[in-house]
K.L.:
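Structure below; questions to follow.
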Amino acid sequence: MFVFKIQLCLAGCTVFIGWSNIKGPIAWLSNSDLSPREAAQGPEGRRRQKKAREVCTCNHQTIITFFCRLFPVLDWLPRYNIKTQLLGDVISGLLVGIVAIPQSISYSLLANQDPIYGIYTNFFCNIIYVIMATSRHNFVGSFGVLCLMIGQSVNRHLQLAGYSDNSAGSSLVDNSTSASNGTSACDRSCYSITVALSLSFLVGLYQILLGVLQLGFVAVYLSEPLLSGFVTGSSLTIITSQMKYLLGLKIPRHEGVGSFILTWVDLFRYIQNTNICDLVTSLVALAIIVPVKEINDRYKEKMKAPFPIELLVVIVATIISYYFNFEERYKSDVCGDIPTGFRTPTLPDINLFSSLAVDAVPIAIIGFAMTVSLAEIFGKKHGYTVRANQEMIAIGMCNLIPSFFYCFAGSAALTKTLLKESTGTQTQISGLVTSLVLLLVLLWIAPLFYSLQTSILGVVTIVNLRGGLSKFYDTPRMWQLSKLDTVVWWTTMLCSTLITTEIGLLVGVCFALLCVIFRTQRPRATLLGKVSSTEIYEDQSTYKQLSSIANIKIFRFESSLYYANKDYFKTVLYKKTGVNPVLLAAKHQRVEAQANADTGNRKGFFGTKFDCLKQAKKRSGKPPADACPPSTDMHTLILDCGAMQFIDTVGLSVLKETRHDYKKIGVQVLLANCNPSLRHRLREGCWAGEADSGGQLAFHSIHDAVQFAERWYHEVSGSTSALEPCPR
């Protein structure tokens, strides 16, 4: 459809005159009835102003909508179907609660906390997440990777505060260790949870701010290979930290760069002090739990619910440890006294905020990234919408509010979320059922775990990391699909393991972004050929039996053109086309200069002899072959811009230079497959000169450009057919 438009601006009145191939009179569109201010805003400005009025309007409906979006439970709970949904939620909640009991206690050990605080964390997080979440399947509570990072931060602050390192195993039993400097009335356990809840407050605050500021898109920078490598590296670090419990060794907990290697050095250094009772108990527990977990995974589709082997092993191990008195007889470390009920709410320690502010950043990022990614995965699988920003606010509240009730930071837990989804959960009501199970433990059952060995808790933690370690088997397949993604995975994994988890995450993000830049800095570039009897043009190096267009080269650059790849664009263009217009133009100038010099010498030599002058004129009418300017095998170069999402000012300058350089040697440059934003930039930048303004030399398709080039060549060659061509 051909459209012609004229815009006249008279006294604030914009008039559009246009016609098309649609039958009917010319359409006159006027906004003279608008005020000058409204007319100056334009249609886009008026649309935004109207939307702002709607958002800022305060009435009964907008208030209800606001609270329903902030608390999604108000939206789905009135529509809850007891007959079809309650049974699945109750069964799923009970099973997840049973599995969460041993994991809550074991992850407390990983976070350098007493067992009761892990149960607190899972209890409060579930209740808050039910109210504020848009995901129906996520389980929010203690997560192994976050517990590792929390434990590292807590241990660092314990050392700074002067608390002696009695090993994390004794910290669960002996809670009477005081600060050596005497500045605090808290014992070791008290100071540990003070640091953890202050850290949880900051983590929740960061996540809420990200959600309120609509920064949910930040999660996209944590790619799947990056997160997978980070989880695998953290899993190796967690296994290393738990090995001393399996062996019953009392070695210091190393922090910072090289802690992974230093821990293994200490394990082998003190291997002769292994507690045989803890070692045998750990091996037996592993021999029982691992096969049953494998059976659960293999036959999960046939089983209505997985067998709760972890809870069974914990119960049996506690009973055996109690009756055989492993604590006194074999000096095995046990959980010790676990109080019941709830403690009086407390406030975070503001004095710790300055030292914890940096530690909270990676925990907040990993926490919301895991939560949002899991929510979106199961949302797509079950066909419901998940709002990323609301999920960030929800997980932020799950960390902020529980910090007043002696909880540490949590996020969506992968293993329990998978269990929750596989056991038929329908809504977050299952989270309330899980909280009820944990409430029973808090009120009555917790003291019964007094004799539970810490080696069993270490086994439970290690077994639940099988998913992270299984990623090693996926690396060969990942290498076949994308070598760069595999390099990102290995880089993040190794840095998270060998350096620190925080630095590993930072290195992984930076390296992944550099890979993206590298891909755009040196993208793929090819010459295109035509598929016979079609208007389709494809890569000549990939597809066979493609026909080349005579004297026309079609070049595709598979990336946006900007400052980082401008030099590579020129280099690969000259290489693929076989024509360097700069060198060719310079050679042309040298040939012309030589021809002019020879002509001048001949005139000076024969100027005094009349007979010779006639012969010189004849020779000068047809220059010798070696004096002809260098030729090219093309008259048109077409740049396929279909893969160019944008060009910056440097890229626009490169296109201008390319057109100018090829024009010097008689080759015209055309653009094809330009998107609207690219055409607008070309038009504004006048890449083809003021007369054309980029309109006639930028085509919607390659075929249109080819047809134009052929017509142009026939017209030019027809008008110059009388001239004698230079021999080629």
Side-chain angles (χ1 to χ4, degrees), residues 482-484 487 511 513-530 537-543 546 548-591 629-675 677-679 681-682 685-689 694 697-699 702 705-706 709:
S482 175
K483 293 178 174 58
L484 274 180
V487 173
F511 187 77
L513 293 177
L514 286 176
C515 287
V516 174
I517 296 174
F518 176 76
R519 286 174 176 176
T520 60
Q521 190 172 359
R522 300 184 66 85
R524 192 165 178 266
T526 59
L527 287 180
L528 305 184
K530 183 181 179 182
Y537 297 81
E538 287 295 344
D539 180 11
Q540 291 181 344
S541 61
T542 303
Y543 298 93
L546 298 179
S548 300
I549 310 299
N551 298 323
I552 298 176
K553 294 290 180 68
I554 306 172
F555 176 77
R556 174 184 289 170
F557 191 69
E558 298 182 356
S559 173
S560 298
L561 183 58
Y562 67 113
Y563 67 93
N565 59 17
K566 62 180 180 64
D567 294 330
Y568 180 75
F569 173 81
K570 285 187 174 182
T571 302
V572 73
L573 174 63
Y574 299 161
K575 181 180 179 181
K576 292 292 183 180
T577 59
V579 177
N580 188 331
V582 178
L583 297 180
L584 208 59
K587 188 176 181 181
H588 190 179
Q589 291 178 356
R590 288 197 301 269
V591 170
S631 63
T632 63
D633 60 347
M634 65 175 179
H635 58 74
T636 301
L637 171 64
I638 300 175
L639 301 180
D640 179 12
C641 303
M644 293 186 185
Q645 297 179 353
F646 69 92
I647 57 172
D648 62 358
T649 54
V650 178
L652 181 61
S653 299
V654 169
L655 290 180
K656 287 183 177 181
E657 293 174 5
T658 301
R659 180 181 178 276
H660 180 265
D661 293 340
Y662 276 100
K663 187 177 181 180
K664 283 184 176 180
I665 61 173
V667 177
Q668 71 166 344
V669 177
L670 306 178
L671 304 183
N673 289 332
C674 299
N675 60 53
S677 62
L678 194 61
R679 294 173 67 89
R681 176 61 63 89
L682 294 172
C686 300
W687 86 279
L697 302 182
F699 297 86
I702 298 177
V706 171

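Only this structure's heavy atoms are used, side chains among them; waters, hydrogens and symmetry mates stay out.
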K.L.:
Residues in salt bridge (charged side-chain N to carboxylate O under 4.0 Å, His left out) with K553, at least two apart?
P.N.:
D633

K.L.:
Considering non-hydrogen atoms only, spot the tightest contact between N565 and S560 and give its length.
P.N.:
ND2-O, 2.7 Å

K.L.:
With sequence neighbours excluded, tell me which residues meet salt bridge (charged side-chain N to carboxylate O under 4.0 Å, His left out) with D640.
P.N.:
R556

K.L.:
Indicate the atoms forming the closest heavy-atom contact of L670 with A705, along with that distance.
P.N.:
CD1-O, 3.6 Å

K.L.:
To the closest 0.5 Å, what do you measure between CG (N673) and CZ (R679)?
P.N.:
10.5 Å

K.L.:
Would you say L652 and L682 make side-chain contact, with heavy atoms under 4.5 Å?
P.N.:
yes

K.L.:
For the CD atom of Q668 and the CG atom of L637, what is their distance to the nearest 0.5 Å?
P.N.:
9.5 Å

K.L.:
Step by step, work out the side-chain contact (heavy atoms from CB on, under 4.5 Å) result for M634 and I552.
P.N.:
CA-CA 5 Å; M634 65 175 179; I552 298 176; over 6 Å; no

K.L.:
Is the side chain of R681 donor-acceptor paired with the backbone N or O of F646 at a distance under 3.5 Å, no angle test?
P.N.:
no

K.L.:
Identify the heavy atoms of M644 and N675 that sit nearest to each other, and give their distance.
P.N.:
O-ND2, 2.9 Å

K.L.:
About how many Å separate CG of L655 and CG of L678, when rounded to the nearest 0.5 Å?
P.N.:
7.5 Å

K.L.:
For residues S548 and Q540, determine if any side-chain heavy atom of one lies less than 4.5 Å from a side-chain heavy atom of the other.
P.N.:
yes

K.L.:
Going by heavy atoms in the side chains, are D661 and V669 under 4.5 Å from each other?
P.N.:
no

K.L.:
Just to verify, what does R519 make a salt bridge (charged side-chain N to carboxylate O under 4.0 Å, His left out) with, not counting sequence neighbours?
P.N.:
D485

K.L.:
Could you work out, with salt bridge (charged side-chain N to carboxylate O under 4.0 Å, His left out) as the rule, every residue matching K576, not counting sequence neighbours?
P.N.:
none

K.L.:
Do other residues, nucleotides or ligands put more than 12 heavy atoms under 6.0 Å from F518 CZ?
P.N.:
no

K.L.:
Which pair of heavy atoms, one from K656 and one from G685, lies closest together, and at what distance?
P.N.:
NZ-O, 2.7 Å

K.L.:
Taking the side chain as every heavy atom from C-beta outward, state whether I665 and Y662 have any pair of such atoms under 4.5 Å apart.
P.N.:
yes

K.L.:
Using the side-chain contact (heavy atoms from CB on, under 4.5 Å) rule, take L528 and I638 through it: C-alpha gap first, then chi angles, then the decisive distance, then the call.
P.N.:
CA-CA 10 Å; L528 305 184; I638 300 175; over 6 Å; no

K.L.:
Any idea which heavy atoms bring T577 and L527 closest together, and the distance?
P.N.:
CG2-CD2, 4.3 Å

K.L.:
What residues, two or more places apart in sequence or in another chain, satisfy side-chain hydrogen bond (donor to acceptor under 3.5 Å, both in side chains) together with D539?
P.N.:
R524, S541, T542

K.L.:
If we only count heavy atoms from C-beta on, is the F557 to C641 side-chain gap below 4.5 Å?
P.N.:
no

K.L.:
Check the orientation of F569 and F555. Use parallel for under 30°, tilted for 30 to 60°, and perpendicular for over 60°.
P.N.:
perpendicular

K.L.:
Might you point out which heavy atoms bring D648 and Y563 nearest each other, and give the distance in Å?
P.N.:
OD2-N, 3.1 Å

K.L.:
Does the side chain of L639 come within less than 4.5 Å of L573's, by heavy atoms?
P.N.:
yes

K.L.:
Under a 3.5 Å distance rule, please check whether Y568 uses its side chain to pair with a backbone N or O of P523 as donor and acceptor.
P.N.:
yes

K.L.:
Please indicate whether K570 has more than 12 foreign heavy atoms, meaning atoms of other residues, nucleotides or ligands, lying under 6.0 Å from its NZ.
P.N.:
yes

K.L.:
Only counting residues at least two apart or in another chain, list the ones meeting ring-ring contact (aromatic ring centres under 6.0 Å, His included) with Y562.
P.N.:
none

